[in-house]
Novice: 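First, the structure itself, so that you have it in front of you.
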Amino acid sequence: MRHLFLLFAAAVALSACKSTAYTLQNKYFYVQADNRPESRWQMVWHDEFSSSAIDTSKWTRIPAGGADWGKHMTTDDICYELRDGMLYLHGINNPDTTKDKRPFLTGGIWSKGKFAFQYGKVEIRARLESAKGAWPAMWMLAAQDKYGKYPRNGEIDIMEHLNHDSIIYQTIHSYYTLELKQKDNPRHYGSPAFNPGEFNVFGIKWYPDKIVYILNGKETFTYPRVAGVDPSQWPFDQPFYLLIDQQLGGSWVGKVDPAQLPVRMIVDYVRVYQ
């Protein structure tokens, strides 16, 4: 079945390149053509994780950073696994704190510098494991600083899951929501129920005037572009790249229980349409 899908995907990608689904800018910005009806979604980029190694033409392992979400990130193989057509991103107790003093290590990938898109549909099929302090996320950041430094260019959180919750968070962040505190004009997040421990399809449909969140094919929450407010409300008119990571700990999710580790996010596929 996967073999047949890959053949189909290759044919669709070829037809997309010959059509007007997008224009390619700056070598890797897929900018959707104007007036694309939803009935004509075409796959323009995808990863089925059917190889024996992460495709480095599409992804880079996320290095450690200073923010809550990135402080336990590692590029070490210990937090990455590809088998049976799935990508496993691990959150673990650090087995050697003499080499690295951090108590926990986590794996994540991003398409930064390799793939970004403006408008379209994203679908990510994955299974989330739960643990106290686990914080798996799928999200998007701007590929360039069109409006200045963060949070001026916005953030699109496709999915975040905390601890053992039976809900996920689908959230928009921007200067408008974070600095101007405009979180209800319009409402900036949804929290639909999902199937913990099972495979779910998380995603968005992104248009010039709204971002529609989807879960298992159903629309769950819409963030619209609003007229007559501060222009920082809509920085989503530029290419964004993808991040998928199994985070641990932080001020939002709380402390990690080492006894509940390891924990994993298991990714089946990532598909982008325009």
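Just so you know, these numbers come straight off a predicted model, no measurement behind them.
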Novice: Taking the six-membered ring of Y175 as reference, does the cationic atom of R152 (NZ for Lys, CZ for Arg) lie under 6.0 Å from its centre and within 45° of its axis?
Specialist: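 Satisfied, under 6.0 Å and within 45°.
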
Novice: Using distance alone, with no hydrogens and no angle criterion, decide if W139 and E155 have a side-chain donor and acceptor under 3.5 Å apart.
Specialist: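 Distance-only check fails for W139 and E155.
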
Novice: Determine, using ring centers only, whether Y176 and H188 are less than 6.0 Å apart.
Specialist: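 Ring centroids of H188 and Y176 are no less than 6.0 Å from each other.
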
Novice: Within the distance-only criterion (no hydrogens, no angle test), does the side chain of R40 pair as donor or acceptor with the backbone N or O of A21 below 3.5 angstrom?
Specialist: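 Such a contact is absent between R40 side chain and A21 backbone.
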
Novice: Kindly compute the distance separating CZ (F236) from CE (M140), expressed to the nearest 0.5 Å.
Specialist: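 Between atom CZ of F236 and atom CE of M140 there are 9.5 Å.
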
Novice: Distance from H173 atom NE2 to E179 atom CD, nearest 0.5 Å?
Specialist: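 Those atoms lie 12.0 Å apart.
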
Novice: Side-chain donor-acceptor pair under 3.5 Å between K114 and T60, yes or no?
Specialist: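 Yes - a donor-acceptor pair under 3.5 Å links their side chains.
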
Novice: Could you tell me whether E123 and R125 make a salt bridge, using a distance below 4.0 angstrom between a side-chain N and a carboxylate O?
Specialist: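 Judged by the 4.0 Å cut-off on N to carboxylate O distance, E123 and R125 do not form a salt bridge.
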
Novice: Under the side-chain hydrogen bond (donor to acceptor under 3.5 Å, both in side chains) test, which residues partner K99, sequence neighbours left out?
Specialist: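 For K99, no residue satisfies side-chain hydrogen bond (donor to acceptor under 3.5 Å, both in side chains) once neighbours in sequence are set aside.
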
Novice: Tell me whether R264 is salt-bridged to E129, with the criterion being a basic N under 4.0 Å from an acidic carboxylate O.
Specialist: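 Result for this pair is yes, salt bridge flagged.
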
Novice: For the atom pair OG (S111) and CD1 (I244), what is the distance rounded to the nearest 0.5 Å?
Specialist: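 Going from OG on S111 over to CD1 on I244, the span is 8.5 Å.
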
Novice: Could you check D77, D76, D245, T56 and say which one makes a side-chain hydrogen bond (donor to acceptor under 3.5 Å, both in side chains) with R61?
Specialist: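 Result for side-chain hydrogen bond (donor to acceptor under 3.5 Å, both in side chains) with R61: D77.
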
Novice: Find the distance between SG (C79) and CD1 (I62) and round it off to the nearest 0.5 Å.
Specialist: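 Going from the SG atom of C79 to the CD1 atom of I62 covers 12.0 Å.
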
Novice: Could you check whether atom OH of Y80 has more than 12 heavy atoms from other residues, nucleotides or ligands sitting under 6.0 Å from it?
Specialist: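 Yes, because the 6.0 Å sphere around OH of Y80 holds more than 12 heavy atoms from other groups.
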
Novice: Ion pair present between K146 and D237, side-chain N to carboxylate O less than 4.0 angstrom?
Specialist: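 D237 and K146: salt-bridged.
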
Novice: Are D257 and K132 ion-paired here, with the side-chain N under 4.0 Å from a carboxylate O?
Specialist: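 No, no charged N to carboxylate O under 4.0 Å.
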
Novice: With sequence neighbours left out, what residues match F221 under ring-ring contact (aromatic ring centres under 6.0 Å, His included)?
Specialist: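 For F221, the residues satisfying ring-ring contact (aromatic ring centres under 6.0 Å, His included) (neighbours in sequence not counted) are Y213.
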
Novice: W206 and side chain to side chain contact (heavy atoms under 4.5 Å, CB included): which partner among I211, V122, V212?
Specialist: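 In the set I211, V122, V212, the residue that makes a side chain to side chain contact (heavy atoms under 4.5 Å, CB included) with W206 is I211.
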
